[in-house]
**Q** 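Right, I'll just put the structure down here and ask away after.
The basis for the numbers below is simple: all heavy atoms, side chains too, and nothing from hydrogens, waters or symmetry mates.
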Amino acid sequence: MATLKAFHRADDPTTAEFLRHLRIAVLIISAIVLLSLSGLRNADLYQPLWMQILAWCILMAITCIEAVLTCRRASWGSARWIGVALALAASVLSCLSLPAGTPTTAADWAFGTVGWIGVILLLDRPIIQSAAFLLAHEVITLTNLLVRGDVDEAGILNFISGSIGAIGFPLACAMAASALRDTARRAETARARAASIRHAEHVAEQTAQEVHASYAQLALTAGPLLRGLADGSLDGNDPKVQRACWIEAARMRRLFAESDDVPNQLIHELTQFVDTAGRRNVKAEIVAYGQPVDPPDHIRELLGSKCLPVLAQSRSWAQITVVFTPDFVSVQALGDCGVIEIPPSPSTAIETDSFLDTDETTFCMEAQWQTSPSRS
């Protein structure tokens, strides 16, 4: 459930910016109407006078708070409903202290003022709420007219004509605010769509650069190997050359697998390595534990590359074990390859460890990436 907050920054900045100038205009109109002090010209009529003064002070206080909120670009929040209750209370107070025969006349200054205060409070709310407020104010005035006013044709016509300014103009402002809110929503939707397109274009450009860099790196390693096999300077029957060819083939499969839409890219790429090992009759498998997460691309590539020497030189079997925890991702490669040299990691983000089992055949290599800073 959303928390009710009073006097806070607008939840929708785009809508608030669209409404800002209309908000200032309504504030100025309300201040001018209140500061004109039209009620003072009839001060001797009110019974008692303090009710009129209190009603004026309530409406003036709401207007002053709105001025501060407008300067701070803040919203009324849940406090608006207290303001609505106070504004309607001011309307009632003004009606109660009007003498008979004066409702909707020049002495009834609140009739033309309270509506603008309602618009101040409900400008950023659905128009139905502003209409309900204005209707409540109209009902209060009409009730007072029927009870204490001149209920004749002239009095009714005076009430209707007065309602055009007291209710019609504030309602028109509320309708304009509603139209501006709709425009703001469409503008925000268009802005979000444009931002999404820009983000997609940026991601596509970055991906293209990464793929280009990967192919360029592959050309540096696979190119000399292919040229050597083509010109006969490398012997295809040499186990070292075969292992080099297998490693490059596994790298190619990893590169092709990068564009696949899979639940976990790391496991998918390691599976490509295992499948490639199976093509040379090595019984290889991959197992994973924990909740899979995808490391950043360069980390994923480093974790995978550490397994290649073990898979490439295992004679009959190999296994890759991937462990996911909240603090680290570990990739362990095990195989009957004997002691082999694991190239040092170019990144300090990857920690590596390796050892030879007591049978002097089984070799184990582990590469680990810390997903969160280590705790002392």
Side-chain angles (χ1 to χ4, degrees), residues 2 8-20 73 75 124 126 178-223 247-276 286 288-308 320 322-331 345-350 367-373:
H8 60 84
R9 285 280 183 177
D11 295 327
D12 185 351
T14 304
T15 301
E17 193 59 32
F18 269 69
L19 290 176
R20 180 166 174 77
R73 297 177 182 268
S75 166
D124 57 348
S178 178
L180 285 173
R181 283 197 301 273
D182 290 340
T183 302
R185 279 193 289 269
R186 288 194 294 269
E188 180 62 22
T189 301
R191 186 203 63 78
R193 188 182 298 115
S196 176
I197 292 172
R198 286 195 300 270
H199 176 70
E201 290 174 347
H202 174 71
V203 170
E205 182 181 355
Q206 189 174 18
T207 302
Q209 291 174 354
E210 291 174 356
V211 170
H212 179 74
S214 298
Y215 276 106
Q217 182 63 32
L218 189 63
L220 293 176
T221 54
I247 289 175
E248 295 308 319
R251 284 175 175 165
M252 287 182 184
R253 290 198 64 172
R254 185 199 66 79
L255 184 59
F256 299 152
E258 282 186 345
S259 59
D260 294 345
D261 185 12
V262 291
N264 186 267
Q265 194 67 34
L266 175 61
I267 294 178
H268 181 59
E269 292 179 4
L270 292 175
T271 302
Q272 304 305 310
F273 295 165
V274 169
D275 290 346
T276 306
I286 179 171
Y289 301 98
Q291 184 65 36
V293 296
D294 261 327
D297 291 348
H298 68 287
I299 296 294
R300 187 180 71 240
E301 185 175 351
L302 289 172
L303 289 172
S305 64
K306 292 297 180 183
C307 304
L308 287 177
I320 294 180
V322 188
V323 178
F324 298 97
T325 76
D327 297 323
F328 66 85
V329 175
S330 171
V331 176
S345 174
S347 171
T348 56
I350 302 295
Q368 188 177 104
W369 172 61
Q370 298 287 334
T371 59
S372 60

**Q** If the condition is side-chain contact (heavy atoms from CB on, under 4.5 Å), which residues does Asn264 pass it with, not counting sequence neighbours?
**A**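 Asn264: side-chain contact (heavy atoms from CB on, under 4.5 Å) contacts with Leu266, Ile267, Pro292, Asp294, Phe324.
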**Q** Measure the shortest side-chain to side-chain distance between Ser330 and Tyr289 over non-hydrogen atoms and say whether it is less than 4.5 angstrom.
**A** no
**Q** How far does CG of Leu19 sit from CG of Leu180, to the nearest 0.5 angstrom?
**A** 5.5 Å
**Q** Mind listing the closest non-hydrogen atom pair of Arg181 and Pro126 along with its distance?
**A**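 Nearest pair, atom of Arg181 first, then Pro126: NH2-CA, 3.6 Å.
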**Q** Side chains of Phe273 and Leu270: closer than 4.5 Å at any heavy-atom pair?
**A**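 Yes - at least one pair of side-chain heavy atoms lies under 4.5 Å apart.
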**Q** Closest approach of Trp369 and Pro295, non-hydrogen atoms and distance?
**A** CZ3-CB, 3.7 Å
**Q** Taking salt bridge (Lys or Arg N to Asp or Glu O under 4.0 Å) as the definition, give me every residue that meets it alongside Arg191, ordered by chain and number, with sequence neighbours left out.
**A** Glu188
**Q** Counting N and O atoms only, with roles assigned by atom type, does the side chain of Thr189 sit under 3.5 Å from a partner on the main chain of Arg185, one being a donor and the other an acceptor?
**A** yes
**Q** Taking the side chain as every heavy atom from C-beta outward, state whether Glu301 and Asp297 have any pair of such atoms under 4.5 Å apart.
**A** no
**Q** Are side-chain heavy atoms of Arg300 and Leu303 found at a separation under 4.5 Å?
**A** no
**Q** Just verifying a value: how many Å separate Ile286 CD1 and Gln272 CD, rounded to the nearest 0.5 Å?
**A**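 Rounded to the nearest 0.5 Å, the CD1-CD separation comes out at 10.0 Å.
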**Q** Say you draw a straight line from CD of Gln370 to OG1 of Thr348; how long is it, rounded to the nearest 0.5 Å?
**A** 12.0 Å
